[in-house]
Amino acid sequence: MTDRWRRAWRVGRFAAGGLLLLLVLTTTDVGAIAAAIGGADLWLVAPALAGLIAVHVVPALAWRFMVEQLASGALPRWVAIRAYYAAQALGGITPANIGGDVYRAGILRGAGFGWRAVAMPIVVQRATSYVALAVIGLIAMGVVTASGVALPFVVAGTASAIAIGLAAAALLAPPPALRRLIARFGPSRPVTDGTALTPAGGRTALLIGLTSGLLFHAVAIVLTWLVLVGTDGALATPAILATVAVARLSLAVPLSPSAIGVQEGVLAALVGAAGGPVAAAVAGMLLARIGLIGTTVIGIGLMAAGTVDAGTSSSPATESARG
């Protein structure tokens, strides 16, 4: 892809997100949205927003543990957290957060790891995170279905969760064609435990990935729901919490940066189908975006402060993964 097409793709994604968000706003009562934002309970909203910023520590530490398991490198905690937050500044504006992945890969590459060893923790973390999101989405669809939403919403939500889960699982247990491709660019050490994508320590990495993915997405969903509740107490129901979880599945679709417009649209449709106050739900989701902005600002500040020095310690296995 040429630089011209890359620029067009980036601009197109922002434009798509803006248009989708505009569509949501124009099909909702804008006055009611503004009123809900203006009347939000800051004693509830502010701590929830702080939590949405702080919760990224979970995947940051999970990445650190995966580096230890899959690349045999000891990444200091603060370095992992700083690098992860800095990566969010790029991840939020690139398709499917790929910019953040590249940034983190560059940090380890600068510490002397070969690209194949560098990529393993990121691939496994991304795949297990999406598997966790799909599991949560399927559970949430059960709650949404029980709330009486129309069948098309049920089918679309369930199909999306299953598709995301299967696509992520394919990275962890790839079919033969993908396995041959991974053999060219995959781990620099041989697979020893029979798992398609994971070298020694892979089972522990998978457990870390799934556990941290479930924790990260579950906490983020609950915190986002609390922001919604802060705009309208009528949203404090299990059905609305479930709609937030289903709407979060859109993060796996790289149509717009951080699913801007898509997540709001899906949430508005599901809340409306469940009989909830749509304007307040959209207002809450817009407020929740402040958490994304805060994370991005912190990331930009950390990037501006200078290049992160991974400072990894070495072992014989580490040296075999380098070069």
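- Considering only heavy atoms from C-beta on, Thr231 stays 4.5 Å or farther from Ile37 through its side chain.
- No side-chain heavy atom of Tyr130 sits less than 4.5 Å from a side-chain heavy atom of Leu251.
- In terms of hydrophobic clustering, with Ile, Leu, Val, Met, Phe, Trp and Tyr side chains grouped at heavy-atom distances under 4.5 Å, Ile221 and Val282 are assigned to a common cluster.
- Contact annotation: the side chain of Leu166 approaches that of Ile162 to within less than 4.5 Å [non-hydrogen atoms, C-beta and beyond].
- Proximity of Trp225 to Thr243: side-chain heavy atoms (C-beta onward) are nowhere separated by under 4.5 Å.
- Under the 30°/60° scheme for interplanar angles, the aromatic rings of His56 and Phe216 are found to be tilted.
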For the pair Leu249 and Leu133, evaluate side-chain contact (heavy atoms from CB on, under 4.5 Å) and give the outcome as yes or no after the intermediate values. CA-CA 7 Å; Leu249 290 171; Leu133 181 59; 3.8 Å; yes

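- For the pair Val219/Val58, no side-chain contact is recorded, criterion being any heavy-atom separation below 4.5 Å from C-beta on.
- Annotation: side chain of Met66 is in contact with side chain of Thr128 (closest heavy-atom distance under 4.5 Å).
- Rounding to the nearest 0.5 angstrom, the gap separating the OG1 atom in Thr295 from the CZ atom in Arg289 is 11.5 Å.
- Not a single side chain to side chain contact (heavy atoms under 4.5 Å, CB included) links Ala163 to another residue, sequence neighbours left out.
- Within the 4.5 Å cutoff, the side chain of Arg104 has heavy atoms near those of the Gln125 side chain.
- Of the inter-residue distances, the one linking His217 atom NE2 with Arg248 atom CZ reads 5.5 Å to the nearest 0.5 angstrom.
- Contact check for Leu267 versus Leu228: side-chain heavy atoms found under the 4.5 Å cut-off.
- Going from atom CG of Leu49 over to atom CG of Leu287 covers 7.0 Å, rounded to the nearest 0.5 Å.
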